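Note: hydrogens, waters and symmetry copies are ignored here, and every other heavy atom, side chains too, is used. Letters A, B, ... mirror the listed sequences (proteins, then strands); counts begin at 1. Remember, predicted model here, so these are calculated numbers, not experimental data.
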There are 2 protein chains.
Amino acid sequence: MLKLSKKVEYGLIAMRHIASVNNQISTVKEISERYSIPSDVLAKVMQKLTRGKLILSHQGAMGGYTLARGAHDISVMDVIGVVEGTQVGIAQCFAETPENCSIYSNCTIKHPLGKIQHNLEQVFASMKVSEIV
Amino acid sequence: MLKLSKKVEYGLIAMRHIASVNNQISTVKEISERYSIPSDVLAKVMQKLTRGKLILSHQGAMGGYTLARGAHDISVMDVIGVVEGTQVGIAQCFAETPENCSIYSNCTIKHPLGKIQHNLEQVFASMKVSEIV
DNA sequence: ATGAAATAGGACCCCATTAGTCGTATTTAA
DNA sequence: TTAAATACGACTAATGGGGTCCTATTTCAT
């Protein structure tokens, strides 16, 4: 409950890694071996980060990834949002299909949860990749 | 990802309900019908809240539950902590068995995640049952 | 030109956790 | 003594997270 997914963890580790080598090109192989991350899983995460424009991919031999912008300009929230297609939602009522919640119409805690949700987002948004040391 | 469990939602709804009827005795039947919550599930949640000393149980006919202290003195964090036996941990490294994490020794984001974890706890701790309107 | 090294991405499976159900025992007011 | 309530363990079903496998595509280097 309330746990980050491995995908997000891997994404953060990878982003930090690239930043830590001064944004020199880094490969999935290199990162997955360095941090003991299953390479197939990491590969998919990198592809999502690419589609989300947080990193740039360089295809072909000698290829790899670099950051798309400065590490101070990418937040943990950005990574979460891109890696998980959906935005953070601590309850169904903040997901795409609120009606799917079994108690939606009778629920009395939607508004306070919304406030909590907002505060959580701020926590994630305030930490930047550059601060992950 | 990062979602509260139904148990926690049910617990919050129940706590709020009891507070909203001025702490008069409330039954599982009453609450489960009012909010369309499966009564067996709610019953177990109430038992956990009782064991966690957030509410008082009154057994036997005409029994039910009341709050154990003022609604201003019970936080969302309290409810989460009691309903989920374990504390909130956004990653394995903050659970009872950190070593279970597949990348523990090579992980570079333990410290920053710890900081985020702390901030999240503050968000949950700062909202009280009395504020759930 | 060709082969090797890299990203791109779909299909599939395993398993742990969550959510819910069922059955039974116990307590207590009327 | 009965009915209404809590207490609680055992079981099942559903969901999602995490991981593996396979193939295609791109591009550098020889």
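- The side-chain hydrogen bond (donor to acceptor under 3.5 Å, both in side chains) contacts involving residues 39-55 of chain B comprise nothing, where partners must be two or more places apart or lie in separate chains.
- Rounded to a whole Å, the CG atom of A/Leu42 is 12 Å from the C1' atom of C/dT7.
- C/dT17 atom P lies 15 Å from atom CG of A/Leu2, rounded to whole Å.
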(request) Do nucleotides 18-28 of chain C as a string where each nucleotide becomes B, S or -: B if the base has a protein heavy atom under 4.0 Å, S if just the sugar-phosphate does, - if no protein is that close. (result) SSBBB----BB
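- Between C/dA6 and A/Ser57, no contact under 4.0 Å exists linking OP1 or OP2 to a side-chain N or O.
- With sequence neighbours excluded, no residue forms a ring-ring contact (aromatic ring centres under 6.0 Å, His included) with B/Phe94.
- Atom pair A/Met62:CE and C/dA5:C1' shows a separation of 9 Å (rounding to whole Å applied).
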Contacts under 3.5 angstrom, residues 56-70 of chain A side chains, donor-acceptor by atom type, not counting sequence neighbours:
from    : atom 1 : to      : atom 2 : distance (Å)
A/His58 : NE2    : A/Thr66 : OG1    : 2.9
A/Arg69 : NH1    : A/Asp73 : O      : 2.6

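- Here salt bridge (charged side-chain N to carboxylate O under 4.0 Å, His left out) pairs that include residues 23-33 of chain A, with residues two or more places apart or in two chains, are A/Lys29-A/Glu33.
- Chain A approaches DNA chain D over the interval D/dG18 to D/dC28, counting the first and last nucleotide 5' to 3' with an atom under 4.0 Å from its heavy atoms.
- With sequence neighbours excluded, the residues satisfying side-chain contact (heavy atoms from CB on, under 4.5 Å) with B/Pro98 are B/Tyr104.
- Atoms CD1 and CG, from B/Ile109 and A/Leu12 in turn, are 5.0 Å apart once rounded to the nearest 0.5 Å.
- The stretch residues 12-31 of chain B touches DNA chain D through B/Thr27, B/Val28, each having a heavy atom under 4.0 angstrom from the strand.
- Contacts of A/Lys6 classified as salt bridge (Lys or Arg N to Asp or Glu O under 4.0 Å), with partners at least two apart in sequence or in another chain: A/Glu9.
- Remark: B/Asn22 pairs with no residue by the side chain to side chain donor-acceptor pair (under 3.5 Å) rule, at least two apart or across chains.
- Sorted by first and then second residue, the ring-ring contact (aromatic ring centres under 6.0 Å, His included) pairs involving residues 18-40 of chain A (not counting sequence neighbours) are A/His17-A/Tyr35.
- Identified under the side-chain hydrogen bond (donor to acceptor under 3.5 Å, both in side chains) test for residues 113-131 of chain B, with sequence neighbours left out: B/Gln117-B/Glu121.
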